[in-house]
Peer 1: 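Let me give you the structure first, and then I'll get to my questions.
Residue numbers begin at 1 in each chain, while the letters A, B, ... track the order of the sequences. This one's a predicted model, so the numbers in the text were calculated from it and none came from an experiment.
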Protein chains: 2
Amino acid sequence: MPPKLLLVEDDPLLASTLTETLSIDHQQVDCIGDGGAAETRLSREHGYDLILLDLNLPTRSGLDVLATLRAHDHVTPVLILTARAAIEDRVKGLDLGADDYLAKPFALDELEARVRALLRRRQSSQDDPLTLGSLRLDRQRQLFTLDEVSLSLPPREHRLLACLIRYAGEPVDKARLLDEAFAGESVGDNAIEVYVHRLRRRLADSDVRLRTVRGIGYLLESA
Amino acid sequence: MPPKLLLVEDDPLLASTLTETLSIDHQQVDCIGDGGAAETRLSREHGYDLILLDLNLPTRSGLDVLATLRAHDHVTPVLILTARAAIEDRVKGLDLGADDYLAKPFALDELEARVRALLRRRQSSQDDPLTLGSLRLDRQRQLFTLDEVSLSLPPREHRLLACLIRYAGEPVDKARLLDEAFAGESVGDNAIEVYVHRLRRRLADSDVRLRTVRGIGYLLESA
DNA sequence: ACGAAACTGTAAGGTTGGCGTCAGCTCAAG
DNA sequence: CTTGAGCTGACGCCAACCTTACAGTTTCGT
């Protein structure tokens, strides 16, 4: 499971440079150039492992975004990027719950180092199993258990379910599933429906439901 | 009580890097660069929760240190660090009672992950014989017993089963088996399947099953 | 030293199960 | 009612796995 980053940066040139650089180490980097849009995205999408946040943004400042994020109990690590050398911004940022701070201009090497450092912390939280109702994923062993009994799945179904439980409770659209669970592998659109069908049968008499959200995708929830 | 680590490593640069890295997560890291000194320290000081052991050391090799340790009934988990070339040393190390190994050069992230994993098992009994159902491995004597009667196995089958019972209940992938049980020795992919087959016959009417996890490997479980 | 027995690994053919497409169906939205 | 998205059972392909046979090698007793 590759780490997923969200880059919030309005300068297109810098954004593309960073995206390119970070993509070398990390599978997926989404980019948004607008504070309001970032808030919207983050309210719907809880799967990011790290947020790179510019402070000087259109519509909503980075500090606003961060404040909203923490107010909603998001714990995703945040690395602040800003041109303002102003020291009070840094203090404000850290007070608001940012995890690190980098002043522009910065060396790409240093950014990478800090990103790695923040992502490394992710692993400790990754030691804990993910659970939803009586379904449970031990991420070390890559092993599902349902009602305390081990549930062995074929590789594809396993990946799909792992992806769904990661975003437990929120809808995940098909394109994203294709992207994250089966990156690159030629998986037809219909194939996912078949996996879902097979998974539903396995989860039939448990307290976990795999609901379909028409026009969007699927969502895993507990009864 | 914070975990306490002993690092036995003679390269000063690597030693300081590791000490620094590990100190972030763990309160105390002691470091010793000499095999004989490490033995002395360990004979007096039984409080370590984990030992990181380089194999290539002055005065006494890491394997000697480990052997002495186990001969004195020390049960402290040991993580071996060794150059990738010395493959047969890893097997020796694991046979002598090491708990994991890591080949140099390694990523710091990976080291941290393994250290965490080993510390997590801290309380679970490490010295007692490993048992699963009516199958039991006496690690001192390297002897299996099944339903109280001793089960003598050919060397290869023994190593395979030992590796499987060590990860009892979780799937172990073929690559890992090849690596840990038969490191280096030219063992074709199909050979494992043959061993498994032979082991299954021996375990046929017991409460231990050797299940295959398609696309992954094998898993030992009790009925 | 010699032969027998046990161990080891490869080859070959049979079996299984995951995978993905299809065709026909259901069902919700407009 | 129409339409298109999603559901579902069936089918064939293929890779992974099982099983047996056999030949080369080591171990061990005599």
Peer 1: In whole Å, what is the span from the CZ atom of Arg211(B) to the P atom of dC17(D)?
Peer 2: 14 Å

Peer 1: Whole angstroms only, please: what is the CG-C1' distance between Leu153(B) and dC7(C)?
Peer 2: 12 Å

Peer 1: Would you check if the side chain of Ser61(B) reaches a backbone N or O of Asp64(B) as a donor-acceptor pair within less than 3.5 Å?
Peer 2: yes

Peer 1: Between Glu157(B) and Glu157(A), name the one whose nearest nucleotide on DNA chain C is closer to the 5' end.
Peer 2: Glu157(B)

Peer 1: List, with names and distances, any nitrogen or oxygen atoms from the protein found under 3.5 Å away from nitrogen or oxygen atoms belonging to nucleotides 6-11 of chain D.
Peer 2:
{"unit_1": "dG6(D)", "atom_1": "OP1", "unit_2": "Gly215(A)", "atom_2": "N", "d": "3.3"}
{"unit_1": "dG6(D)", "atom_1": "OP2", "unit_2": "Lys174(A)", "atom_2": "NZ", "d": "3.1"}
{"unit_1": "dC7(D)", "atom_1": "OP1", "unit_2": "Arg200(A)", "atom_2": "NH2", "d": "2.2"}
{"unit_1": "dC7(D)", "atom_1": "OP2", "unit_2": "Tyr218(A)", "atom_2": "OH", "d": "2.7"}
{"unit_1": "dG9(D)", "atom_1": "OP2", "unit_2": "His197(A)", "atom_2": "NE2", "d": "3.3"}

Peer 1: Is the closest side-chain donor-acceptor distance between Asp147(A) and Ser134(A) under 3.5 Å?
Peer 2: yes

Peer 1: Under a 4.0 Å threshold between the charged nitrogen and the carboxylate oxygen, would Lys174(B) count as salt-bridged to Glu193(B)?
Peer 2: yes

Peer 1: Okay, side chain of Thr59(A), backbone of Gly36(A): is any donor-acceptor separation there less than 3.5 Å?
Peer 2: yes

Peer 1: What I want to find out is whether Arg198(B) reaches Glu157(B) closely enough, with some N-O distance under 4.0 Å, to be called a salt bridge.
Peer 2: no

Peer 1: How about CZ on Arg136(A), more than 12 heavy atoms from neighbouring residues, nucleotides or ligands closer than 6.0 Å, or not?
Peer 2: no

Peer 1: Between dT26(D) atom C1' and Arg156(B) atom CZ, what is the distance in whole Å?
Peer 2: 11 Å

Peer 1: Rounded to whole Å, how long is the line connecting atom CG of Asp173(A) with atom P of dA5(D)?
Peer 2: 15 Å

Peer 1: Rounded to the nearest angstrom, tell me the gap between atom NE2 in His158(B) and atom C1' in dT27(D).
Peer 2: 18 Å

